[in-house]
Amino acid sequence: MLSIGYIRENEDEIRKMLANRSNNADLDKLIELDEKRRIFTQEIDDFRHERKELSKQIGLLKKNGEDAEKEMEKAAELNNELASLEEKQRETDEEYQNLILTFPNIPDESVPIGKDDSFNREEKKWGVKPEFTFEVKSHDALAEKLGIIDFNRATKIAGSRFATMVGTGAKLERALINFMLDVHTHEHNYTEIMPPVIVNSKSLTGTGQLPKFEEDLFKLNYRDYYLIPTAEVPVTNHFADEILSEDDLPVKFVAYTPCFRSEAGSYGQDTKGLIRQHQFNKVELVKFAHPDKSWQELEALLADAEEILQELGLHYRVVTLSTGDMGFASAKTYDIEVWLPSFNTYREISSCSNFTDFQARRASIRYKDKSTGKNNFVHTLNGSGLAVGRTVVAILENYQQEDGTVIVPEVLRPYMGGMDKISPE
RNA sequence: GGAGAGGUGCUGGAGUGGUCGAACAGGGCUGCCUGCUAAGCAGUUGCGGGGGCAACUCCGCCGAGGGUUCGAAUCCCUCCCUCUCCGCCA
């Protein structure tokens, strides 16, 4: 959420920002509602003040055994007027709240301006594209031949966009999770946490998935419950409605969770294989940072995610998402895209963002400034470190051999009982 | 799921209709004192919002939302959460 004070004072900048993001949030309406809301608030405050004074008088009069009829009538009249004002304010306020929640975060100046992903800026490449002397197979073809992923049975028991990992496939998935968690906890000093994977709508509003993106979520038919689309939701909300000590910043968490996405609106895209699933595993990095430090924390976060790919020996590039391609809550997003030979392109495997105070404001996550004693909003950041399913895809495709076997990257072998090659089960 | 108890400020804990944003204690902060530590003395100490250049001032907040009343932390209703016992269960 943006600060209404900032919006009021920087109307032109906000208008330009919305255009850059191709967002049609109604700024004029917001400003109008804000003014209305403040006028109502003022009037209601005045009425309440008057009523308070009257009530005090009534109390005193009654105590002295005097007649307070006149005052009580006056107070009842006041209450009538108050009630109608309060009703109007309630409506205005609700409309205002609903509207301001649909305003996206302001992109950082370093973000390229453009309407879609063609305006994303490539920042760097790491490693080299693997060369193949034979025709490469797609990961799903390889996995089926090896008998390590069963797509058909997953479809039978759940539906499309699900997969069952079998034998070495399941072991590879688990090895990757453990490897990633170990690197981030032991080498990068993140604290591992395992949060609920079901959350309420308040949490989803806090991180920005609601109210605008409800159709992307799986809503449970029980209470106000949703399956998480990413660990960002429960982990960022870990400190919702709390005030942290300045000395505790930055707080760094790493969480492994399954993630659930409806993938509404992606019909026909990536229908084959593991790329786009309703359920997938992800190791997520989340930081709560001091506002003065969040940009350097973003660079560090990106480096932490990159290291996983480097240790796995996977070729990738880093791009900065353009204003039109970046997420609603983000001020700046780096995508790490891994090379996938069968697609002959780079595909997103991690997304690292600085949300500045946008989520902190929605979820009310603050820290107490030591020098001023004031409470300020922290900055929140997160990034995949990494999406596990897509890492499996990248390993299968990049390490495939002509005979259909797959070499296990060295760093994973200790996690796979020493296995150095995946052969047919 | 059943029976009972309870949710108050950083913490403990008073407060059952009127001047209570809330006694008291602890903690924190600031002075004084002090060889160090501890103790002592005095003061201070919640969050959000509106108005004002400012000193300041006004409104809201005692789990959440409704209701009764001139007036609610206090009374009533609904919900959420916590604790104890029982049932069930991994």
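Please read these numbers as outputs of a predicted model, since none were measured by experiment. Every chain is numbered from 1 and lettered A, B, ... according to where its sequence line falls, protein lines coming before strand lines.
Using a 4.5 Å heavy-atom cutoff, the side chains of Pro211(A) and Asn98(A) are not in contact.
The side chain of Ile58(A) lies closest to C70(B), out of G60(B), G50(B), C70(B). Of all nucleotides listed (G66(B), C70(B), G50(B)), C70(B) comes nearest to the side chain of Asn79(A). Closest contact between the side chain of Asn375(A) and the listed nucleotides G60(B), G48(B), C70(B) involves G48(B). Distances from the side chain of Gln42(A) to the nucleotides G50(B), G71(B), C59(B) place G50(B) closest.
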Yes or no on ring pair (Phe, Tyr, Trp, His ring centres under 6.0 Å) for Phe288(A) and Tyr367(A), after CA distance, side-chain angles and deciding distance? CA-CA 10 Å; Phe288(A) 302 84; Tyr367(A) 71 95; over 10 Å; no

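Taking a 6.0 Å sphere around CD of Glu94(A), one finds it holds 12 or fewer heavy atoms contributed by other residues, nucleotides or ligands.
Among pairs with a residue in residues 177-202 of chain A, those fulfilling salt bridge (Lys or Arg N to Asp or Glu O under 4.0 Å) read Lys202(A)-Asp241(A), at least two apart in sequence or across chains.
The interatomic distance linking Asp34(A) (CG) with G49(B) (P) rounds to 13 Å, in whole Å. Rounded to whole Å, the distance from CZ on Arg48(A) to P on G49(B) is 16 Å. Atom CG of Asp93(A) is separated from atom C1' of G49(B) by 11 Å (rounded to the nearest Å). Glu53(A) places its CD atom 10 Å from the C1' atom of U19(B), with the value rounded to the nearest Å. The CD atom of Glu242(A) sits 12 Å away from the P atom of C10(B) (whole-angstrom rounding). The CD-P distance, from Glu73(A) to C70(B), rounds to 11 Å in whole Å. Distance Arg51(A) CZ to C70(B) P: 11 Å, rounded to the nearest Å. Rounded to a whole Å, the CG atom of Leu82(A) is 12 Å from the P atom of C59(B).
The gap from the P atom of A64(B) to that of U57(B) amounts to 27 Å, rounded to the nearest Å. U82(B) and G31(B) have their P atoms separated by 43 Å, with the value rounded to a whole Å. Rounded to the nearest Å, the gap between the C1' atom of G12(B) and that of A90(B) is 37 Å. Nucleotides C76(B) and G17(B) have their P atoms positioned 12 Å apart, rounded to a whole Å. Using atom P as the reference point in both G13(B) and G26(B), the two lie 16 Å apart (nearest Å). Taking the P atoms as reference points, A5(B) lies 14 Å from C77(B), given to the whole Å. Distance noted for atom C1' between G21(B) and G15(B): 13 Å (whole Å). Look at the P atom in both G9(B) and A22(B): the space between them is 14 Å, to the nearest Å.
Here Lys74(A) lies out of heavy-atom contact (under 4.0 Å) with every strand. Here Arg223(A) lies in heavy-atom contact (under 4.0 Å) with sugar-phosphate atoms only. Among the heavy atoms of the strands, none lies under 4.0 Å from Leu54(A). Across all strands, Leu60(A) comes closer than 4.0 Å to base atoms (heavy-atom distances).
When both distances must be under 3.5 Å, the Watson-Crick or G-U wobble mate of G6(B) is C81(B). As the counterpart of G60(B), C47(B) is assigned, both hydrogen-bonding distances of the Watson-Crick or G-U wobble pattern falling under 3.5 Å. Pairing of U37(B), defined by two Watson-Crick or G-U wobble distances under 3.5 Å, is not identified with any nucleotide. The base-pairing partner of A73(B), taking Watson-Crick or G-U wobble contacts with both distances under 3.5 Å, does not exist among the strands shown. Shown here, A42(B) forms a base pair with U30(B); the pair counts as Watson-Crick or G-U wobble because both key distances fall under 3.5 Å.
Side chains of Thr236(A) and Asn382(A): no donor on one and acceptor on the other come within 3.5 Å.
In this structure, Asn200(A) does not reach the C80(B) phosphate: none of its side-chain N or O atoms is under 4.0 Å from OP1 or OP2. Checking the phosphate oxygens (OP1, OP2) of C58(B), no side-chain nitrogen or oxygen of His49(A) falls inside 4.0 Å. Residue Lys52(A) has a polar side-chain atom (N or O) positioned under 4.0 Å from OP1 or OP2 of G60(B).
At a threshold of 4.0 Å, the pair Glu95(A)-Lys29(A) counts as salt-bridged, since one of the basic side-chain nitrogens sits closer than that to a carboxylate oxygen. With respect to Glu144(A) and Lys137(A), no salt bridge is recorded, no charged nitrogen being found less than 4.0 Å from a carboxylate O. The existence of a salt bridge linking Lys36(A) and Glu91(A) is excluded, since no basic side-chain nitrogen approaches an acidic carboxylate oxygen closer than 4.0 Å. Under 4.0 Å is where a charged nitrogen must lie from a carboxylate oxygen, and between Arg38(A) and Asp34(A) at least one such pair does.
In this structure, Ala75(A) and Arg90(A) both approach RNA chain B, and ranking their closest nucleotides by distance from the 5' end singles out Arg90(A). For the pair Gly59(A) and Glu71(A), nearest-nucleotide mapping onto RNA chain B gives the more 5' position to Gly59(A).
Side chain of Gln277(A) to main chain of Gly273(A): a donor-acceptor pair is present (N/O by atom type, distance under 3.5 Å, no hydrogens or angles).
Residues from residues 360-369 of chain A placing a heavy atom under 4.0 Å of any atom in RNA chain B, listed by number, are Arg366(A), Lys368(A).
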